[in-house]
Amino acid sequence: MTTMTETSARFREFKMPDVGEGLTEAEILKWFVQPGDTVTDGQVVCEVETAKAAVELPIPFDGVVHELRFPEGTTVDVGQVIIAIDVAPGSGEAPAPAAAAPAQEPVEAPEAEAEPKGRTPVLVGYGVAESSTKRRPRKGTAAAPEAAAVAAAVQAELNGHGASAPAPAATAPAGAPAGGRPLAKPPVRKLAKDLGIDLATVVPTGKDGIITREDVHAAAAPAAAEAPAAVASPVAPEAPAAALPAAVSDSARETRIPVKGVRKAIAQAMVGSAFTAPHVTEFVTVDVTRTMKLVAELKEDKDMAGVRVNPLLVIAKALLVAIKRNPEVNAAWDEANQEIVQKHYVNLGIAAATPRGLIVPNIKDAHDKTLPQLAEALGELVTTARDGKTSPAAMAGGTVTITNVGVFGVDTGTPILNPGESAILAVGAIKLQPWVHKGKVKPRQVTTLALSFDHRLVDGELGSKVLADVAAILEQPKRLITWA
């Protein structure tokens, strides 16, 4: 996508790029420059947040900042001009900047704008026409009811309480136009697919008969209410409340939290995963005393100097060895083609709690890394995530994930699969407990592991073998050598 335009020989404009595949909008979190500042090619001028991550945007040319088109906190569609640069300062009187966008955004037409006569409304968000682009309203304005409805629907699906979304207007048009396919944007189609909703059965409330996310959630709410409690209300310790966006207090009796950006994507992904992949979770409690001794020895090893060594490193290596011994577990379900896709590589995801919510970046080709290389990759992944610098590419293509709930003092949980992956391993707190060792009760370092897997791909035997192998390695870490 083109991200810059020329308004004259002197002034150039930089557009909001698609910083992740298929994204349609991003929120400007922070400007690092102001009008009058000098910038150089490659200099970061702002930070934006998409549904996947926070990303820094560099400017692709030299000059002086002439105008910032949007204030911080504004959600901007891909393709809109966000900054104008004077590339030939001092060559003449500059035109007055256009009026800055107000902090409170104007209301966007629902889901799609009418196209010129004779054309079908454009629903694919891979490029936005300059003349028809408008911004989504900020929460607390005209969009507040929609935000509340989405939040209520997501919460209902996660908790199994069956809270109803607002009923669509009785005069709304049918879900599909006469003789045609139901109208909806690609993200809405994916959401419907994830929730198992037939778009032809959804009553649209958007302009020109467009189906919105709210419409899909409203159609899914009854199904969520009927779902078994064990499925609809899984334990999900990897999504801490502290990671939610800043709250907006409406009264002394309740607080409303906007669902947007990374948090909104997490909610949709978790609901989609819970309702499309049949989850099975198995547990094992294991004596990891020898693993803890190995960790202590590795910390003193000169070959591990300069990298962070902790139990997670050994657990990650143990999981990689278990996958090597049971390669069928490393797969994905292709719904469109009704195929199981076997992966011959492991992109190991590590769930990381950040101020913007839980994200799952992954270590590419983790199966090929030595222990020092794996330790270095883990350290970089965690540091980047905590700094909020994880790129969308770093979170794409994961195959299997580890979530370490033990850092919160939690013994175990039933983790939800990261969408598109076959398994996720939850690691509980490592505690000193009485344990029968060599026929005697002794204090030993003990932890509980939980493996959730997609039962379409992984049957009970295979899942049990993988979990048993991880446990066996942590009990006797010398198996990292004998089984590798």
Side-chain angles (χ1 to χ4, degrees), residues 234-240 266 269-270 273 279 281-286 288 291-292 295 308-326 329-332 343 345-354 358-367 369 371 373-386 390 394-408 410-430 447-454 458 463 466-474 477 480:
V235 177
E238 63 271 34
I266 293 169
M270 292 299 98
S273 176
H279 285 56
T281 305
E282 294 186 340
F283 308 88
V284 64
T285 303
V286 58
V288 294
T291 287
M292 297 305 290
V295 170
R308 184 178 180 183
V309 177
N310 55 25
L312 181 61
L313 171 62
V314 181
I315 293 167
K317 192 65 176 179
L319 179 57
L320 292 171
V321 172
I323 292 172
K324 182 179 179 181
R325 286 167 54 85
N326 305 274
V329 76
N330 190 41
K343 305 293 180 66
Y345 58 90
V346 181
N347 290 345
L348 182 62
I350 304 295
T354 73
L358 179 86
I359 63 173
V360 189
N362 60 77
I363 300 171
K364 310 298 184 186
D365 294 323
H367 63 289
K369 298 189 182 297
L371 196 65
Q373 290 172 338
L374 187 62
E376 183 178 3
L378 273 171
E380 291 176 354
L381 179 149
V382 172
T383 299
T384 302
R386 288 176 177 171
T390 302
M395 293 184 283
T399 61
V400 176
T401 289
I402 296 176
T403 178
N404 184 11
V405 299
V407 296
F408 305 110
V410 175
D411 291 333
T412 190
T414 54
I416 299 176
L417 291 168
N418 204 32
E421 298 184 10
S422 59
I424 178 170
L425 178 70
V427 182
I430 299 175
T447 191
T448 299
L449 307 175
L451 183 72
S452 289
F453 49 87
D454 186 339
V458 182
V466 172
L467 185 58
D469 280 356
V470 174
I473 293 170
L474 297 181
L480 286 172

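Side-chain atoms are counted along with the backbone in the values below, which use heavy atoms only and exclude waters and symmetry mates.
Inter-residue side-chain proximity for Val314 and Leu371 is flagged as unmet; no heavy-atom pair is nearer than 4.5 Å. Residues Thr291 and Thr447 are not in side-chain contact: their nearest non-hydrogen atoms beyond the backbone lie 4.5 Å or more apart. Residues Pro361 and Ile350 form no side-chain contact, since every pair of their non-hydrogen atoms from C-beta on lies 4.5 Å or further apart. Annotation: side chain of Val288 is not in contact with side chain of Pro311 (no heavy-atom distance under 4.5 Å).
The line from CZ of Arg325 to CG of Leu320 is 14.0 Å long, rounded to the nearest 0.5 Å. Note that the CD1 atom of Ile402 and the CD1 atom of Ile424 stand 9.5 Å from one another [nearest 0.5 Å]. A distance of 12.0 Å separates CG in Leu451 from OG1 in Thr414, rounded to the nearest 0.5 Å. Annotation: the span from His367 atom NE2 to Leu374 atom CG amounts to 12.0 Å, rounded to 0.5 Å. Remark: Ile315 CD1 to Ile473 CD1 distance equals 11.5 Å, nearest 0.5 Å. Interatomic distance, Lys369 NZ to Ile363 CD1, rounded to the nearest 0.5 Å: 7.5 Å.
Proximity of a side-chain donor or acceptor of Thr403 to a complementary backbone N or O of Ala426 within less than 3.5 Å is not detected. Listed for the Asn310 side chain is a donor-acceptor partner under 3.5 Å among the backbone atoms of Leu313. In this structure a side-chain-to-backbone donor-acceptor pair under 3.5 Å is present from His279 to Leu417. With hydrogens and angles ignored, the 3.5 Å screen pairs a side-chain donor or acceptor of Asn330 with a backbone N or O of Tyr345. Remark: the backbone N or O of Asp365 is paired with a side-chain donor or acceptor of Asn347 at under 3.5 angstrom. For the pair Asp411 (side chain) and Gly428 (backbone), a donor-acceptor distance under 3.5 Å is absent. The backbone N or O of Ile416 lies less than 3.5 Å from no partner atom in the side chain of Ser452, so there is not a single donor-acceptor pair.
Under 3.5 Å, the side chains of Thr285 and Thr448 contain a donor-acceptor pair of N or O atoms.
The shortest heavy-atom contact between Ala450 and Thr412 is CB-OG1, 3.4 Å. The minimum heavy-atom distance linking Val329 with Ala423 is given by the pair CG2-CB, 4.4 Å. Taking every heavy atom of both residues into account, Gly413 and Phe283 meet most closely at O-CE2, 3.6 Å. Closest approach of Ile359 to Ala385, counting heavy atoms only: CD1-CB, 3.9 Å. Val284 and Ala471 get closest at one heavy-atom pair: CG1-CB, 4.0 Å. Shown here for Ala332 and Lys343, the closest heavy-atom pair between the two residues is CB-NZ, 3.9 Å.
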Handout entry: Criterion side-chain contact (heavy atoms from CB on, under 4.5 Å) on Leu319 and Val346, from CA distance to verdict
Key = CA-CA 10 Å; Leu319 179 57; Val346 181; over 6 Å; no

Exercise for the section: Check the pair Leu378 / Arg308 against side-chain contact (heavy atoms from CB on, under 4.5 Å), numbers first and verdict last. Expected result: CA-CA 8 Å; Leu378 273 171; Arg308 184 178 180 183; over 6 Å; no

Practice task
Run the numbers on Val407 and Leu312 for side-chain contact (heavy atoms from CB on, under 4.5 Å), then give the verdict.
Solution key: CA-CA 10 Å; Val407 296; Leu312 181 61; over 6 Å; no

Exercise for the section: Under the side-chain contact (heavy atoms from CB on, under 4.5 Å) rule, what do Asp469 and Ile323 come out as? Steps first, then yes or no, please. Expected result: CA-CA 9 Å; Asp469 280 356; Ile323 292 172; over 6 Å; no

